[in-house]
Structures are given as C-alpha cells and as structure tokens.
Amino acid sequence: MILTVTMNPSVDISYPIEDFKLDDVNRVEHTRKTAGGKGLNVARVIKQMGEDVLATGVLGGTIGDYIVRELMKSEIANHFFKINQESRNCIAILHDGKQTEILESGPTLTVEEGAAFLETFRLLLSDVSVVTISGSLPKGLESDFYRAMVELGREKGIPVILDTSGEALRQVLTHRVKPFAIKPNLTELSQLTGREVEQSAASLQQVLSAEIFQGIEWIVVSLGGDGAFVKQGADYFRVKIPAINVVNPVGSGDATVAGIAVALDKELPVADVLKTAMTTGMLNTMEAGTGHIEYSKFEHFFKLVEVKKIDL
Ligand code: ATP
C-alpha cells in the first residue's frame with residue numbers, strides 16, 4: 001500500500017462568474033467543491049490506477065470533515081491527524097477566460113501537534129511499502145520538518161518520494177539522509193540552485209551532478225509537454241512524450257508522482273517506471289479535473305513514451 005502525505009489540505013472551491021464585478025455583488029449558480037492539496041491529487045490518481053492507497057496528513061474543523069467525506073466518497077482510505085483549528089478553503093474565481101485565486105494560508109500548528117503527527121506517521125509506516133510527501137508545510141512547523149519524515153522512512157527501509165519546493169526541499173537535500181526520489185520541475189530546480197536552469201541535457205546533467213543531489217536514487221525533472229530528464233543511480237535518461245490534446249495541465253506533477261509511486265511499488269524496471277510516470281502525467285492533462293486520470297487510456301499512451309539512456 002502507498003501512503004500519501006498532505007500537510008495542509010484544502011477544500012478547493014471554484015466559482016464560475018462570467019462577468020466578475022469588483023466592489024459589487026457577484027452571484028454564483030454552479031459551485032464546485034473538491035478535496036484539494038497536492039498529496040490528495042496523488043492519492044486520487046493512485047486510486048484511479050486501481051492500487052491500494054492510504055491518505056494522511058493534518059486537518060481539522062468542519063472543512064477537515066468535508067475533506068474526509070470527499071475522500072470517503074472516492075473510497076480513498078484515510079487516517080489524518082486531527083487538530084482543533086479549521087483547515088483551509090482555496091477559492092478560484094473563473095471569469096473572462098481567466099482565473100483569480102484566493103488562497104487561505106491555513107492553520108498554524110503547534111510544536112506539540114507537529115510531534116504528535118510524526119508519531120501518527122511513524123505508526124502508519126508499519127503498514128505501507130512506499131510513501132509520497134507533497135506540497136508545502138503548514139505554518140508553525142520548522143522548514144526542516146520533512147527531514148524527520150524522510151529519516152523515519154529510511155529507518156524502516158521504505159522509499160520516500162518527496163515533491164516539495166523552496167526551503168522545505170533545500171532542508172531535506174542538505175541533510176545526511178536523502179529521500180529515495182524527488183520530482184522537481186525547472187522552476188524548482190532553479191530555486192534550489194539559485195540560478196536559471198536550462199532544459200538542455202548537458203545543462204541538466206551538470207546541475208544534477210552537484211553534491212546536493214548525491215544519494216538520491218531517482219531525480220525526475222519534469223519538463224511539461226517536453227517529458228522529463230532523469231537521473232537514476234549513476235545513469236541519466238531523456239524521456240520523450242507524444243504531442244497530446246491538453247485540457248487542463250494543473251496537477252500533472254502530482255499525477256506523475258502517483259505514477260512513480262505505483263511503479264516503484266510494483267518494482268518495475270527503470271524504463272517502465274519512467275513510462276508510467278509520464279503516462280499518468282499526460283493522462284491528467286487530458287482531463288478537466290485536477291488530479292484525475294482516465295486509466296483505460298493508460299496502455300495506449302504508455303507505448304508512445306520513449307526512454308533514451310544518455311551515453312556518458
Ligand atoms: P503541476 O505543478 O501543474 O502539478 P509540474 O510543473 O509539477 O506540474 P509538469 O512538468 O508540468 O509538472 O508535468 C508533469 C508531467 O505531466 C510531464 O512530465 C508530462 O508527462 C505531463 N505533462 C504536463 N504538461 C504536459 C503537456 N502540455 N503535454 C503533454 N504532457 C504534459
């Protein structure tokens with residue numbers, strides 16, 4: 001079973017308002033509310049792939065209850081650490097072909113709550129074979145919080161796939177114990193290295209050979225419609241994908257993480273892990289829903305992904 005971690009989940013509310021007026025009343029007829037947060041997207045895609053998944057993280061209040069109900073509706077097993085504060089709403093107003101977002105920052109956790117969650121996480125590790133950790137940390141937790149989770153995974157010999165950015169990612173990568181896999185995009189790599197990272201194989205290969213990346217078994221640099229550049233062990237790969245009809249690319253990175261998790265859990269060969277990850281990412285872009293794939297199309301697109309090992 002795969003454990004997905006979401007430390008600051010949300011209820012994502014979308015308000016389609018054709019003629020949005022500032023400083024006036026706007027009425028909405030068709031409101032959409034879904035359980036959101038990168039880790040929950042990962043959980044949904046794993047479930048849609050027909051694999052066992054358990055969603056964990058931190059939530060609270062009536063918004064937290066709503067998130068749990070939504071997960072139950074999708075038959076996603078979950079075990080969240082409950083806090084006394086409300087989880088957050090994230091609002092997207094869809095107007096004039098644009099999207100204006102209002103994102104609550106969410107609850108502030110106490111140090112004790114952070115420690116209690118870690119204990120919940122430690123106990124859950126007994127029943128799982130792969131862990132994914134996605135997204136930012138809630139307020140109140142130190143930026144090195146994910147380090148402790150990666151260490152707990154390592155102690156139990158469970159691969160941890162970490163998909164976060166900024167200081168939370170840097171703190172983990174500068175630590176002695178590294179995650180098993182990471183999935184940065186070019187923006188996240190640039191943030192991490194402090195300079196603009198180019199997409200060429202030569203440039204990416206040079207960046208990924210830096211000290212900070214040593215000891216990470218899988219580094220999947222996702223390149224949107226251009227596929228991915230990958231370091232696996234000491235080997236480098238370029239992964240190419242076909243041109244497809246993109247409906248909504250949001251959440252493709254999360255779908256890619258879901259693909260990596262499922263393929264690692266099945267202990268697939270390297271090329272198949274990468275093909276799986278690219279296919280789930282592509283399938284997500286073809287659907288309107290964020291973190292949603294149509295799994296019946298998997299085989300067809302899997303066969304169209306090309307994995308090429310780079311000669312060093
Ligand atoms: P997000 O933050 O929206 O979740 P990301 O930046 O983490 O995305 P991307 O690199 O955009 O991740 O996409 C992940 C994968 O999804 C890509 O490697 C690819 O397989 C697929 N994908 C994304 N965008 C496209 C696209 N325009 N066409 C085809 N496939 C795409």
Side-chain angles (χ1 to χ4, degrees), residues 1-9 34-59 64 67-82 116-135 145-146 148-164 172 177-183 217-218 220 251 253-270 272-277 279-281 283-284 291-296 298 302:
M1 181 157 64
I2 299 165
L3 181 67
T4 66
V5 179
T6 319
M7 293 302 287
N8 201 5
T34 52
K38 290 170 71 64
L40 296 188
N41 293 338
V42 177
R44 244 189 322 267
V45 173
I46 294 172
K47 180 75 190 179
Q48 285 161 357
M49 294 174 81
E51 303 298 323
D52 279 344
V53 62
L54 176 64
T56 189
V58 176
L59 48 67
I67 293 170
V68 170
R69 277 206 306 280
E70 285 292 296
L71 291 174
M72 296 301 218
K73 265 199 237 163
S74 311
E75 294 177 7
I76 294 175
N78 56 86
H79 185 127
F80 277 81
F81 178 75
K82 299 266 166 53
F117 168 74
L118 277 184
E119 182 55 17
T120 302
F121 177 72
R122 196 180 64 78
L123 294 174
L124 292 176
L125 286 179
S126 304
D127 298 322
V128 302
S129 40
V130 172
V131 174
T132 71
I133 302 175
S134 307
F145 191 81
Y146 285 146
M149 295 173 71
V150 168
E151 267 188 37
L152 285 170
R154 174 61 68 88
E155 273 166 26
K156 299 231 171 172
I158 299 170
V160 175
I161 305 164
L162 178 68
D163 183 19
T164 187
V172 173
V177 180
K178 305 284 173 123
F180 190 71
I182 57 173
K183 192 225 64 66
E217 196 62 24
W218 291 82
V220 179
D254 305 331
T256 300
V257 168
I260 298 172
V262 167
L264 290 180
D265 200 30
K266 290 184 178 169
E267 299 181 0
L268 296 184
V270 171
D272 288 357
V273 172
L274 299 177
K275 287 183 187 179
T276 303
T279 306
T280 47
L283 293 182
N284 178 77
H292 186 92
I293 64 165
E294 185 53 57
Y295 193 52
S296 60
F298 184 88
F302 181 90

>> Test side chain to side chain contact (heavy atoms under 4.5 Å, CB included) on Trp218 and Leu274; report intermediate values, then the result.
In response: CA-CA 10 Å; Trp218 291 82; Leu274 299 177; 3.7 Å; yes
>> Would Ile76 and Arg44 count as a side chain to side chain contact (heavy atoms under 4.5 Å, CB included) here? Give the steps.
In response: CA-CA 7 Å; Ile76 294 175; Arg44 244 189 322 267; 3.8 Å; yes
>> Set out, in order, the CA-CA distance, both residues' side-chain angles and the distance that settles side chain to side chain contact (heavy atoms under 4.5 Å, CB included) for Leu118 and Phe145, then state yes or no.
In response: CA-CA 9 Å; Leu118 277 184; Phe145 191 81; 3.7 Å; yes
>> Between Lys82 and Leu59, is the side chain to side chain contact (heavy atoms under 4.5 Å, CB included) condition met? List the steps.
In response: CA-CA 5 Å; Lys82 299 266 166 53; Leu59 48 67; 3.5 Å; yes
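Lys73 and Glu70 are joined by a salt bridge, as a carboxylate oxygen and a charged side-chain nitrogen come within less than 4.0 angstrom of each other.
Here the straight-line distance linking atom CG of Leu125 with atom CD1 of Ile158 works out to 4.5 Å at 0.5 Å rounding. Taken to the nearest 0.5 Å, the OG1 atom of Thr4 stands 12.5 Å off from the NZ atom of Lys38. Interatomic distance, CG of Leu283 versus CD of Gln48, reported as 10.0 Å (0.5 Å rounding). Atom NZ in Lys156 sits 9.5 Å away from atom CG in Leu124 (nearest 0.5 Å). Taking CD1 of Ile46 as the start and OG1 of Thr132 as the end, the distance is 5.5 Å to the nearest 0.5 Å. Taking CD1 of Ile133 as the reference point, atom CZ of Phe121 lies at 5.0 Å (rounded to 0.5 Å).
Taking both residues in full, the closest heavy atoms of Pro159 and Gly157 are given as CD-O, 3.8 Å, listed atom of the first, atom of the second, then distance. When every heavy atom of Ser134 is checked against every heavy atom of Tyr146, the shortest pair comes out as O-OH, 3.9 Å. A pairwise comparison of heavy atoms in Ile67 and Ala35 identifies CG2-CB, 4.1 Å as the closest pair. In this structure, Phe80 and Val58 approach most closely via the heavy-atom pair CD2-N, 3.5 Å.
Phe302 is listed as a side-chain neighbour of Asp272, based on a closest heavy-atom distance under 4.5 Å. By the 4.5 Å heavy-atom criterion applied to side chains, Met149 and Phe117 are counted as neighbours.
Within the 3.5 Å criterion, the main-chain N or O of Gly135 finds a donor-acceptor partner in the side chain of Thr164. Side chain of Thr56 to backbone of Val5: no donor-acceptor contact under 3.5 angstrom is found. Between the side chain of Asp163 and the backbone N or O of Ile161, no donor-acceptor pair lies under 3.5 Å. Looking only at distances, a side-chain donor or acceptor of Lys47 sits under 3.5 Å from a matching main-chain atom of Glu75. Listed for the Thr6 side chain is a donor-acceptor partner under 3.5 Å among the backbone atoms of Leu40.
The only option from Asn284, Thr280, Asn41 that meets the side chain to side chain donor-acceptor pair (under 3.5 Å) definition with Asp254 turns out to be Asn41.
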Output a table of donor-acceptor pairs, distance under 3.5 Å, between side-chain atoms of residues 257-270 and any protein atom two or more places apart or on a different chain; print 'none' if there are none.
residue, atom, partner, partner atom, Å
Asp265, OD1, Ser129, OG, 2.7
Lys266, NZ, Glu51, OE2, 3.4

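Annotation: Met1, atom CE; neighbour count of heavy atoms from other residues, nucleotides and ligands within 6.0 Å is above 12.
Pairs of residues two or more places apart, or lying in two chains, that qualify as salt bridge (Lys or Arg N to Asp or Glu O under 4.0 Å) and include a residue from residues 122-134 are Glu119-Arg122.
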